Structure formats: structure tokens, C-alpha cells
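In what follows, chains are A, B, ... by sequence order, proteins preceding strands, each numbered from 1. If you're wondering where the values come from, they're calculated on a predicted model, not measured in any experiment.
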Amino acid sequence: MASAPTQETFSNFQQYLTKDQDIREEIRVSVREIEQTAREILTALQGVHQPAGCKDTVSICKRSREMFANIRRQYNELAAKLPAEQYYRFHDHWRFANQRCVFLAAFLVYLESDKLITREEAAELLGVKERREDGFHIDLDDFLMGLLQLANELSRLAVNSVTAGDYSRPTKIANFVAELDAGFRLLNLKNDALRKRFDGLKYDVKKIEEVVYDVTIRGLNPPPAQKPEAQAEEQ
Amino acid sequence: MAARSGHLYRGGFHGGHHKRNSGKDRVSHQKISRREPKVDENSPIIASFRTYQALMDRKNDKYERLVKISRDVTIQSKRAIFHIHRINSGVDKTTVLKEADEKLIAVREKLCQIALELQGEDLYQYIRAISPGLQEYIEAVAFHHYCLGNGLVSLTQVQSDLEFPATEKPSTEDGDCPSHPAVTLYVPPVEYMLGLADFTGELMRLCITSVSSGDMDLPFQLCQFMREVYHGFSSFSYAGSWELSRKMHTLRQSLHKVENACYTLQVRGLEIPKHMLADVFSSADSEDTGRNDIT
């Protein structure tokens with residue numbers, strides 16, 4: 001029962017703790033920068049909720065897309081600070097930032113193309129890898145959380161589009177979010193944060209449906225281009 | 001206008017609601033829902049989510065498998081610990097420790113299964129699944145190591161026990177690893193420390209029972225050793241995790257119990273007949289236990 005090996009165990013661990021503390025501090029610094037840029041992008045994108053911005057979506061998107069260059073750089077810096085293959089050891093530090101960035105990327109892609117962002121596109125926009133095996137990536141749960149944030153944002157956009165005089169947008173949003181909902185229903189979710197957030201999706205869907213209803217019964221919706229085809233597809 | 005159902009509805013049975021984005025892809029038409037909405041398999045969104053579903057299921061299934069194996073590890077490790085405690089009951093110490101060693105070897109087979117399951121994965125993604133079992137195993141190993149007279153088991157030693165060389169075993173009995181390449185179960189230093197903290201609780205128990213069985217030397221040795229361990233733990237500038245702080249608190253309580261036992265033994269040991277010593281210490285021990293995982 002020599003004392004020296006015993007104490008060596010503890011001093012080794014102390015070194016480990018100190019290193020751990022240092023890495024985490026570095027990570028925090030990087031994440032803060034990402035969060036700052038994310039805030040700036042969010043501010044820019046928020047412009048589409050306003051009447052002026054509603055018409056000017058293209059230039060808002062262009063400006064926001066440029067800001068993602070900073071995000072890419074910052075994620076690269078963050079990834080460089082990580083010891084290899086220890087993503088999940090420090091995951092909690094950037095979990096929220098990742099979700100936010102996915103949401104912003106998804107919002108941007110939707111505004112540009114009415115499409116749902118893929119993981120590949122998200123990885124490209126954010127300057128990260130798509131799969132864990134390749135390096136710093138976006139965890140699937142975080143990606144999905146970002147999509148749910150998008151649904152929430154779009155429910156707000158539906159409302160504001162109408163206020164701004166764009167009556168066709170809510171319908172498009174309704175279909176989009178409905179598909180998103182259908183997609184999420186395919187998942188076998190556990191009783192975790194993602195599940196709770198998903199439970200909120202139905203309220204977003206409902207809100208958008210109400211907007212569409214309000215607009216439709218007042219005849220504000222422009223007539224559909226392919227109504228007969230749509231009816232033929234019905235079962 | 002047509003009455004609206006309060007439920008989610010998409011689709012065109014009611015007047016005025018035929019507008020839809022019939023652009024590039026076929027849109028899913030969903031009836032008024034009381035049942036699952038029909039899903040358009042060809043939609044890119046749905047296709048993406050099928051991929052996500054597969055990924056999620058794969059991860060969750062793996063997690064569950066690990067939880068199951070970890071539970072077995074916990075149970076078998078606890079049994080090894082109980083077995084080691086028997087060295088105070090008059091049974092031959094060498095035999096007891098040898099049998100305990102065999103139990104620990106069996107536990108390592110399970111840990112090998114965990115290592116195989118974690119091949120190619122990020123261990124920390126599944127750490128919550130395996131942490132309880134891993135800590136219990138480390139507790140058992142540390143206890144065994146100490147009782148053999150070898151002091152505090154090092155992380156290096158623990159880690160090297162969990163480096164499993166490649167095997168070509170033909171059998172696939174339950175509990176045995178099938179033939180596999182060389183694989184290692186990495187032991188995070190924090191888990192090792194948490195296991196050590198739990199191990200001190202067993203030392204405390206050993207101390208109390210050794211006093212009751214009349215051993216006049218072991219209690220003091222244990223007390224001295226535990227003081228060293230406690231000294232080591234309290235030297236950390238920051239605990240690194242709340243779990244570690246909580247276990248350090250328990251360690252402090254265990255140490256106090258042991259120190260009180262030694263004090264009592266010192267002061268009163270000469271005057272109390274051996275067979276009554278047990279009563280003195282069992283009443284002292286029953287007051288508070290501090291550990292909330294006593295079985």
C-alpha cells in the first residue's frame with residue numbers, strides 16, 4: 001500500500017481535469033462566436049416578416065447567405081479545437097448553437113426555394129461534415145430540432161405574409177409544414193426533448209391552417225393553376 | 001361555407017379548400033384525420049425522413065442493447081463484491097479472492113461485448129448507457145485488487161484488462177464473445193474516478209465487519225488507506241462533474257465512519273470482549289448510511 005502510486009493516480013487525474021477545463025473554455029469561446037453570428041443572421045432573416053421585406057425576400061436571402069461564410073469559418077475553428085473523435089464528449093457545449101444554425105440554414109433554403117433543406121445542404125452551408133465518421137457534424141437530433149424551429153417560424157411567417165398582402169404564401173407554407181409533420185410521424189421518437197418539441201408541431205400546423213382558412217373563405221387566395229389535375233389525383 | 005372540423009385536415013372534400021402546391025412533386029392528399037394521414041412515398045421530404053428514421057432506430061437499438069449488457073455487468077460485479085466481503089467470515093482468503101477473480105473474468109466477457117457493440121462509434125454518445133455498469137465493475141476490480149494486498153489499482157491496469165485480443169472462438173454461448181478482432185473498451189478517467197469513489201464505500205463496510213469479527217489490524221490499515229484516497233480526491237481543483245462531487249461527499253462520510261470505528265476500537269477495544277465488539281459497531285453503523293445504493 002505505497003503512497004506514491006496512489007498519489008500518482010490522483011495527480012494524473014488532476015492533469016486530466018485541467019486539460020478538460022482548458023478545452024472546454026476554448027470551446028465556449030468558439031461557440032459564443034458562432035452564436036453571435038447566428039444572431040446576426042436571424043436579425044437579417046427576420047426582415048421577411050415585414051411588408052417591405054416580404055417583397056424583398058431575394059435580397060434578404062442573398063445578404064444572409066453571405067453571412068454564412070462567417071459561420072463556416074467559425075465552425076472550422078471550433079472543429080480544430082477538438083481532440084479527434086470526441087464530438088459527443090463536448091456535445092452539450094454546441095448543441096443549442098447547432099440547432100439554431102440548422103434552423104437558420106433551413107429557413108434560408110426555404111425562402112430561396114420553398115424546399116426542405118437536406119443534411120447535405122446544411123452541412124455545406126455550415127461548413128461541417130454530414131456524417132460523424134468524417135469529422136465535426138450536426139447530430140441528427142439537433143438537425144431535426146432545427147427543422148421544428150423552422151415550422152414554428154413559418155407559422156409566424158404565414159400570419160405576417162397575409163398582413164403584408166401576400167395571400168398565396170400561407171397555402172404553400174401549409175403544404176410544406178404538413179409534409180414536415182408527416183415526415184416526423186415516421187420517426188420512432190423516444191420521450192426526450194425532441195419528442196416534446198415535436199408535440200408542439202401540431203400547434204404550428206393548426207395555426208397555419210387557420211390562416212389559410214381565413215384567407216380562403218374571404219376569397220383572397222388566387223385560384224389554383226391546376227385545379228382539375230389536383231382533383232383527379234384525389235382518392 | 002363548409003363546416004370545419006377541429007382536427008388537422010388537409011385535402012379537398014370541403015368547399016373552398018382545393019388550393020395546393022401542385023408543383024413538381026405529387027402532393028399527399030390526406031383525409032380528415034382520425035387515422036394516420038396517407039403519406040406520399042415519392043415526396044423527397046418523406047424519403048428524407050425515412051432515412052432519418054432508419055438512423056434513429058439504429059442508434060436507439062444500439063443504445064438499448066448496451067443498456068441491457070450494462071445491467072448484466074452491474075449485477076455480476078455486485079456479486080463479485082459480495083463474494084469478496086466474505087474474507088472476514090473465516091473462510092480462506094485466497095480461495096475467496098480466486099473465486100472472485102473468476103467472477104470478474106466473466107464480467108470482462110460482457111465488457112468485451114460492449115466494446116464490440118461500440119466499435120466504430122463515439123463512446124461518449126452511449127456513455128449514459130454503459131456508465132453504471134462500468135463504474136460497478138471498476139469498483140469490484142479496485143476492491144479485489146486492494147484485498148490482494150496491491151493497494152490502489154491504477155487506471156492503466158484497469159484499461160489494460162479491457163484490451164481484448166482477437167479471438168477465433170467457435171462457440172457462441174451466452175456471455176461469450178464470438179470470434180472477433182482485437183478491440184478495446186476505453187475507460188474514461190472520470191468513470192474510473194467514480195468507480196474508485198464507490199470502492200471506498202466497500203472499504204468502509206469491510207472495516208466495520210472486520211472490527212466485528214475481531215480483527216485488530218485491518219481496521220487501522222483501511223483507515224489509513226482511505227485517508228490517502230480521500231486526500232487525493234480533495235486535492236482536485238474542480239470536480240469536473242456533479243456526480244463526482246456527490247460521491248466525494250459520500251466518501252467523506254465513509255471516512256468519518258471508519259475513523260470513528262478506529263477510535264472506538266482504540267479506546268474501548270481493550271475493555272470490550274471480542275464477541276461484544278460486533279454489537280458496538282453495528283449500532284453505530286445503523287444510524288446513517290449515506291449511500292443510497294445499498295443493496
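Looking at A:Ile173, neither its backbone nor its side chain comes within 4.5 Å of chain B, counting heavy atoms on both sides. At a 4.5 Å heavy-atom cutoff, the contact between A:Leu147 and chain B is made by side-chain atoms alone. In this structure, the portion of B:Tyr192 lying under 4.5 Å from any heavy atom of chain A is its side chain and not its backbone. In this structure, chain A has a heavy atom under 4.5 Å from the side chain of B:Met193, while its backbone stays farther away.
Identified by a heavy-atom distance below 4.5 Å to chain B, the contributing residues of residues 131-141 of chain A are A:Arg132, A:Asp139, A:Leu140, A:Asp141, in residue-number order. Of residues 83-92 of chain A, those residues lying under 4.5 Å from chain B by any heavy-atom pair are A:Glu85, A:Gln86, A:Tyr87, A:Tyr88, A:Arg89. Listed by sequence position, B:Pro189 are the residues of residues 181-189 of chain B in contact with chain A, using a 4.5 angstrom heavy-atom cutoff.
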- Message: Please evaluate residues A:Lys190 and B:Met56 with respect to the criterion side chain to side chain contact (heavy atoms under 4.5 Å, CB included), reporting the C-alpha separation (whole Å), side-chain torsions for both, the decisive distance (0.1 Å), and the verdict.
- Response: CA-CA 10 Å; A:Lys190 302 181 91 166; B:Met56 269 190 134; over 6 Å; no
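Counting all heavy atoms, side chain and backbone alike, B:Ile46 lies closest to A:Ala182 at CD1-CB, 3.9 Å.
Within 6.0 Å of the NZ atom in A:Lys129, the count of heavy atoms belonging to other residues, nucleotides or ligands does not exceed 12. Counting heavy-atom neighbours within 6.0 Å of B:Gln119 CD, excluding the residue itself, gives a total above 12. The environment of B:Glu121 atom CD is dense: over 12 non-hydrogen atoms of other residues, nucleotides or ligands sit within 6.0 angstrom. By the 6.0 Å contact criterion, CZ on A:Arg28 is enclosed, its count of non-hydrogen atoms from other residues, nucleotides or ligands being greater than 12.
By number of non-hydrogen pairs under 4.5 angstrom with chain A, the leading residue of B:Val153, B:Thr156, B:Leu155, B:Asn60 is B:Asn60. Highest contact tally toward chain A, considering only B:Thr51, B:Asp122, B:Leu196, is held by B:Asp122 [criterion: heavy-atom pairs under 4.5 Å].
Between B:Phe236 and A:Phe10, the ring planes are tilted. Angles from 30° to 60° get that label.
Proximity of B:Phe49 to A:Leu180: side-chain heavy atoms (C-beta onward) are separated by under 4.5 Å at one or more points.
We find the CD-OG distance between A:Gln7 and B:Ser235 to be 7.0 Å, quoted to the nearest 0.5 Å. Atom CZ of A:Phe13 sits about 5.5 Å away from atom CG of B:Leu244, to the nearest 0.5 Å.
Partners of A:Glu26 under the salt bridge (Lys or Arg N to Asp or Glu O under 4.0 Å) rule, at least two apart in sequence or in another chain, are A:Lys81.
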